Student: 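Okay, here's the structure, questions in a sec.
All values below were derived from every heavy atom in this structure, side-chain atoms included, with hydrogens, water molecules and symmetry-related copies excluded. Just so you know, ligand 1 is whichever comes first in the structure, and atom 1 is the first atom listed for that ligand. Because the structure is predicted, anything quoted here is derived from the model rather than measured.
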Amino acid sequence: MKPQVEIYDTTLRDGSQGEGINFSVADKLRIAEKLDAFGVHYIEGGWPGSNPKDIEFFAQAKKKKFKNARLTAFGSTRRKGVAVEQDDQVRLLIEAGTPVVTIYGKTSMLHVKEVLRCTPEENLGMIGDTVKHLKDNGKYVIYDAEHAFDGYKLDPEYAISTWQAAEKAGADYVVLCDTNGGCLPEEVAAITRVAAGKLNCKLGIHTHDDIGMGVANALAALGMGADHVQGTINGYGERTGNCNLTSAIPCISLKLKKTSVPAKSLSKLKELSQFVDEIANLRHNPRQPWVGSAAFSHKGGTHVNAVQKLASSYEHIDPAVVGNARTVLVSDLAGRSNIVMKAHELGFKLANDTPELKTILTRIKELENEGYEYEAAEGSLALLISKTLKHREAPFQVDTYHVSMRGDAKESICEATVRVRVGTKTHHEVAEGDGPVNALDGALRAALTKSFPHLKKISLTDYKVRILDSGTGTAAQTRVLIQSTDGKREWGTVGVSENIIEASLQALTDSMEFALLKK
Ligand SMILES: [Zn+2]
């Protein structure tokens, strides 16, 4: 059934324009898969005309099957004075091979005159030509009307004519954008209502959070004829960010009571939010509405007391509905069912209320306290579950390792030796590398492939390091997150130590062990 509100995720494009955010192609693919599984309706993968990384992303994404989301490529209308067929940026959009293409064009007379420096008519031509050309190439076309609200305030008649130009050329959606993020909800509501009266095609909303109204403005437009919301996970984006989907989605489902993402996905919202932060290598914001770790934590004495008597006394909603948890009560209902679900996902049998589950939960709590993080390290989590359920012995043991580095003015060389034990055999290998971790990876791999030749297929796709604050007053811990692939599937593993090499070795060892676990 068609949802009442469509969710359009632009974390990979608008979100990646946020300060401090830089996704690799592998990161983008992982996030796209997660978003698809969560159930957003569109995933905007990038702007193929703006950088080679996005072209590469679309080439890889073509090979994936998305079951819920439609992939979209983003770009702009043709350049002025260039026939649309001759415009390289438009050609790349078509070549991205996505079913949906989103283009933005100018609404505001100010931008037409001062930024584009063309006539108002030529701008209308640029919009119409580009939409029509994309439709002629079989694309579903979403037209993002940049500065829709500011443009309307400046010259309503012209603004409407730009939207109508897109509609007339066949656009499936016209999306009104508060590009500068400075509008108030009343303005957004009123102008969206006008647009709905002037257009027959469907309407969407794209907002930014410059005055803290990103989500409010999106919701305001929904009441006035829009049924499509664009935003990013955790609100990443230019300046102060975009409409935060981790707030907009539960507001739409639980407050406005409109259907959007599948109902069962809501309980995975916090997980999705943390996953994307992990991949972006950003600290999770504890005060983030709905999904932050503090969103349902109660500290004040009277609050705690009341919440223990009646949870709803100081909570607007049951935190488990969005996969979050109350932090004063020690009952771990959410934690338990998460682990049970994860165990099933990974192919282990684990029932609620068993001693094994309690052991796993206690162990995870201890480890999380030390700085481990399992949201994006499903490989390490699988090993932890598997070990507790005693389904298997560790397939190998790292007995000793050594890493050294020597350098002169010209170059520096790292060398690592690793000795592993597999059953009764011992393998001792040396490798050089670009850095200590690279050398260690080489030596570990060389040693293990002696007994497990198929591990040759495994390669590292990503390596992330985070220095954790020390909540306990001891020395700062380093968390290493590694992403590996065997060409078919990908998994993450984690290591934590005061020593970065030690943390890296843990994550590397887990990665190899996980590969063997699934064999
Ligand atoms: Zn934007």
Student: Could you check whether Glu278 pairs with Arg479 (Lys NZ or Arg NE/NH1/NH2 to Asp/Glu carboxylate O, under 4.0 Å)?
Tutor: yes

Student: So for atom CZ, which belongs to Arg193, do other residues, nucleotides or ligands contribute more than 12 heavy atoms lying within a distance under 6.0 Å?
Tutor: no

Student: Which atoms form the tightest heavy-atom contact between Ser267 and Lys264, and what is the distance?
Tutor: OG-O, 3.3 Å

Student: Quick one: does Asp27's side chain have a donor or acceptor within less than 3.5 Å of a partner on Ser24's backbone?
Tutor: yes

Student: Does the plane of the ring in Tyr372 sit parallel, tilted or perpendicular to the ring in Tyr374? Use 30° and 60° as the thresholds.
Tutor: parallel

Student: Report all side-chain donor-acceptor pairs from residues 164-171 shorter than 3.5 Å, counting only partners two or more places apart or in another chain.
Tutor:
unit_1, atom_1, unit_2, atom_2, d
Gln164, NE2, Lys198, O, 3.3
Glu167, OE2, Asn200, N, 2.4
Glu167, OE2, Cys201, N, 2.7

Student: In the shown structure, where waters are left out, how many protein N, O or S atoms lie under 2.8 Å from the Zn ion (ligand 1)?
Tutor: 3

